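Notes follow the structure.
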There are 2 protein chains.
Amino acid sequence: MTSTAAPAGAARARVERAALALFASRGFDAVTADEVADAAGISRRTFFRYYPTKADAVWGDFAAHVDRLDGLLRAAGPDRPVLATICAAYAEVNDYGDDDLPVLRQRMRLILTEPALQAHSQLRYAEIDRVVAEHVARSTGEDPAGLLPRLVAASTRAAATTAFAAWLADDRTDLARQLHRAFDELAAGFPTLRG
Amino acid sequence: MTSTAAPAGAARARVERAALALFASRGFDAVTADEVADAAGISRRTFFRYYPTKADAVWGDFAAHVDRLDGLLRAAGPDRPVLATICAAYAEVNDYGDDDLPVLRQRMRLILTEPALQAHSQLRYAEIDRVVAEHVARSTGEDPAGLLPRLVAASTRAAATTAFAAWLADDRTDLARQLHRAFDELAAGFPTLRG
DNA sequence: AACGCTAGTGGCACCCAGTGCCAGGAGCAA
DNA sequence: TTGCTCCTGGCACTGGGTGCCACTAGCGTT
């Protein structure tokens, strides 16, 4: 594997691109794993070695994503408000270059739209929540399994996904702005509701 | 169907009880749909007519649940704070008698613990979010698809599920208290984080 | 050059969730 | 009895996911 004709992760990347394209054009359920494998030039069996489920092909290397988020949270100064730190970490982790933005849009549109992917996303979100809850626990000295860390993790993740949805619906605004809008509402206890 | 030997929904209830018991004792994935059907005394085919997926057998009549929530939100006075209304509605919908509490515990433990059910829950939560977001939209005059209604729906649902988790972890407190703790934190913008 | 080791690959068979189709059978009305 | 309707169960089929095994490519050893 170390150095075949193509570099190491090339096949994986090809699979991911093929999967995204097929799912986006024909719908997640209407595309079989065989078709994705064929389009990527590998066998069905190998496809399921790259990605344990069909849904995982949409997420790419999500573990690295979570690791980056974890690193950002651990590196954040303890003086900063916790919610601001989490918002900044979400924003930075999802700060793609202009070339990769269309891919991110396609990916998020699928995840937020297709029921099967929507369901699967909960499992991925749980990994994020774990990392965020641990950060809150470190910051406050509480048990990561306690109410507050879990609540902050779940709420901020709700804010993030809502921001993603708003960003998808409106092409003109950028993601960071939507994230800040959502987190500001959350941090202030939804002042708009009282107005 | 109108009146066979047993009342109409008896078979459905039997399926639900059998499913809950089997899933709780051996794990959701380790139990096949055939086994649940056998235990309930019906055929596999009929099982899938009662519940479209194996996971749905755990949720029982969830549509009625959502309808009740919707009714409570629509009936709430407009003078009351929105978050308080939502919290009260969540509490009332989940206010079971002492006899049914063990069933609720079993159900929620499965949903929050088993990965497959965790994933499936996202689809059910989406129905709740729709109803809550519409309520917020009615209260504020905004578009139900806008940022604020979606954000409030997602955040309050996060608070509710977190309260459920805390309730499951601690047998002594009741669910309503946990719901209020979580919603109070949320409504105040997590004051504990600043203390 | 021949040997063995290792790692990735693909084919095959299998299990299980979910679905479409069709053949009964129970109840009811005329 | 006949016809209609609704529920049920059996059967076959698709598709996701997995365990097993055989093959091959690369690489170091002798």
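Keep in mind it's a predicted model, so treat the numbers as computed, not measured. We name chains A, B, ... by the order of the sequence lines, and we start the count at 1 in each one.
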Grab the N/O contacts between the protein and nucleotides 16-19 of chain C below 3.5 Å, and write none if there aren't any.
from	atom 1	to	atom 2	distance (Å)
C:dA17	OP1	B:Ala33	N	3.4
C:dA17	OP1	B:Lys54	NZ	3.2
C:dA17	OP2	B:Ala33	N	3.2
C:dA17	N7	B:Arg44	NH2	3.4
C:dG18	OP2	B:Lys54	N	2.6
C:dG18	N7	B:Arg44	NH2	2.3
C:dG18	O6	B:Arg44	NH2	3.2

State whether A:Trp167 and A:Arg105 meet the cation-pi test: NZ (Lys) or CZ (Arg) under 6.0 Å from the six-membered ring centroid, and within 45° of the perpendicular axis.
->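 Pair A:Arg105/A:Trp167 counts as cation-pi.
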
Under 4.0 Å: is that the gap between some side-chain N or O of A:Tyr50 and OP1 or OP2 of C:dG8?
->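 No, outside the criterion.
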
Taking only side-chain nitrogens and oxygens of B:Ser43, does any of them come within less than 4.0 Å of OP1 or OP2 of D:dT8?
->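 Checking B:Ser43 against D:dT8: no side-chain N or O falls below 4.0 Å of OP1 or OP2.
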
Measure from [atom1] on [X] to [atom2] on [N] and round the result to the nearest Å.
| X | N | atom1 | atom2 | result |
| --- | --- | --- | --- | --- |
| B:Arg12 | D:dT8 | CZ | C1' | 15 Å |
| A:Arg14 | C:dG8 | CZ | P | 16 Å |
| B:Arg49 | D:dG10 | CZ | P | 11 Å |
| B:Ile42 | D:dG9 | CD1 | P | 7 Å |

According to the interplanar angle, ranging from 0 to 90°, do the rings of B:Tyr125 and B:Trp59 count as parallel (below 30°), tilted (30 to 60°) or perpendicular (above 60°)?
->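 If you compare the ring of B:Tyr125 with that of B:Trp59, the planes turn out perpendicular.
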
Is it true that B:Arg130 and B:Glu127 make a salt bridge, defined as a side-chain N closer than 4.0 Å to a carboxylate O?
->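 So B:Arg130 does not pair with B:Glu127 through a salt bridge.
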
Should B:Arg107 and B:Glu16 count as an ion pair when the cut-off is N to O under 4.0 Å?
->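 Answer for the salt bridge query: yes.
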
Could you check if a side-chain atom of B:Val136 sits within less than 4.5 angstrom of a side-chain atom of B:Glu142, using non-hydrogen atoms only?
->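 With C-beta onward as the side chain, the pair stays apart.
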
Heavy-atom side-chain proximity of A:His135 to A:Val82 below 4.5 angstrom |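 Yes, at least one pair of side-chain atoms sits under 4.5 Å.
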
